[in-house]
There are 2 protein chains.
Amino acid sequence: MKIGDAAREAGLPVKTVRYYADIGLVDPQGRSESGYRDYDAAAVAKLRFVSRTRRFGFSIPECRELLSLYADDGRESADVKRLAEAKIAELDTRLAELTDLRNELVRVATACAGDGRPDCPILERFAALDSSGG
Amino acid sequence: MKIGDAAREAGLPVKTVRYYADIGLVDPQGRSESGYRDYDAAAVAKLRFVSRTRRFGFSIPECRELLSLYADDGRESADVKRLAEAKIAELDTRLAELTDLRNELVRVATACAGDGRPDCPILERFAALDSSGG
DNA sequence: ATAAAGGTTCCAGCAACGGGAGACTCAAGG
DNA sequence: CCTTGAGTCTCCCGTTGCTGGAACCTTTAT
């Protein structure tokens, strides 16, 4: 199977699949005589796996680790669970930060009249001297 | 005031301040005879302003726009409010995505025994054939 | 006089690809 | 057989917002 079909089956851009091959994340099964990358079912499964794990917010190195766990029949599910839980904690932190940010922005935007006057609490908030205040 | 002091006052790394000067986002007031960047109070205020807006999730181009609004006495607060509200909507979208992601991960992690067995619902979930399923 | 601390420039690189050039290959149609 | 068009190849540059390092210069303190 050529790269275009593999990419379509995995739901990834061709460029991305080629990139994954370049960095040795998902290698094609081999090459055709004319030099085309050749993907078999196993390689496509890995691509699909990576596609999903990427969508779950895992970095390439993390995907690499998960992929090796996936490919290794003797893997310990505890390892996988540990990775997933660490990622959940990360997401929680990020969510809290983003929520704070959003509430802060809502507060200043609400205080802003939004008319044509040059006074603007948003800008004043940004320009505030202290960077600690909420 | 030299770059180090300006950076400290703005709460930014020196490298970042230099970078902002390079891209013309916040220029120093001038240069000393020996070529050192010289920051006055106005420049430091701009640095602090940018530092805050960056922390609020605005991109550099957006900061540039806000900065020009900030620097322009005749600015319209409506422009600023519009920018802030667009950013809030963005944050909401991003928050929803991250929340979905997190819940999905929690679900699969919960289903995983986490013991030494090779069975792992997390990996199976990642490896799932359909990419449409919740 | 000398050493440490801080400044300068430029160059390289990070994540994770995307865009596009220029050459090649393959499948179909006339 | 030839042509056309789509797909593929490699290669290199660009993105975002910095960060680190090298090699050198200036200032400050002792």
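In what follows, every chain begins at residue 1, and chains take the letters A, B, ... in the order their sequences are listed.
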Exercise for review: Could you say whether Ser34(A) or Thr16(A) is positioned toward the 5' end of DNA chain C, judged by the nucleotide with the nearest heavy atom to each?
Suggested key: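 Result of the comparison: Thr16(A).
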Exercise for review: Nearest-nucleotide wise, let me know which of Gly35(B) and Ile60(A) is further upstream toward the 5' end of DNA chain C.
Suggested key: Gly35(B)
Check your understanding: Ignoring hydrogens and geometry, is there a side-chain-to-backbone donor-acceptor pair from Thr53(A) to Phe49(A) under 3.5 Å?
Key ->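 Indeed, once roles are kept as given, a pair shorter than 3.5 Å links the two residues.
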Review point. Is a side-chain N or O of Thr110(B) found less than 3.5 angstrom from the main chain of Val106(B), in a donor-acceptor match?
Key: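 Checking the backbone N and O of Val106(B) against the side chain of Thr110(B), a donor-acceptor pair under 3.5 Å is found.
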Tell me the interatomic distance from [X], atom [atom1], to [N], atom [atom2], rounded to whole angstroms.
X	N	atom1	atom2	result
Asp22(B)	dT16(D)	CG	C1'	15 Å
Tyr36(B)	dG6(C)	OH	P	11 Å
Ile23(A)	dA15(C)	CD1	P	9 Å
Leu47(B)	dG17(D)	CG	C1'	15 Å
Asp5(A)	dT8(D)	CG	C1'	12 Å
Met1(A)	dC26(C)	CE	P	18 Å
Glu33(A)	dT8(D)	CD	P	18 Å
Ile3(A)	dC24(C)	CD1	C1'	16 Å

Assess whether one donor atom and one acceptor atom, taken from the side chain of [X] and the base of [N], lie less than 3.5 Å apart.
X	N	result
Tyr19(A)	dG18(C)	no
Lys15(B)	dG21(D)	yes
Lys2(B)	dG6(C)	no

Check your understanding: Is the number of heavy atoms from other residues, nucleotides or ligands within 6.0 Å of NZ (Lys87(A)) greater than 12?
Key -> yes
Would you say [N] has OP1 or OP2 under 4.0 Å from some side-chain N or O of [X]?
X	N	result
Arg64(A)	dA15(C)	no
Arg31(B)	dG7(C)	no
Arg37(A)	dT10(D)	yes

Practice item. Could you pick out which residue, Ser32(B) or Ser59(B), lies toward the 5' side of DNA chain D when each is mapped onto its nearest nucleotide? Key: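 Result: Ser59(B).
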**Study point:** side chain to side chain donor-acceptor pair (under 3.5 Å) between Ser68(A) and Arg64(A), intermediate numbers included
**Key:** CA-CA 6 Å; Ser68(A) 76; Arg64(A) 209 182 283 273; over 6 Å; no
Practice item. Could you tell me whether Lys2(A) sits above the aromatic face of Tyr39(A), with NZ or CZ closer than 6.0 angstrom to the six-membered ring centre and within 45 degrees of the axis? Key: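 Negative - Lys2(A) is either too far from the ring of Tyr39(A) or too far off its axis.
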Exercise for review: Could you check whether Arg18(B) gets within reach of a base, just the sugar-phosphate, or nothing at all, counting any heavy atom under 4.0 Å?
Suggested key: base
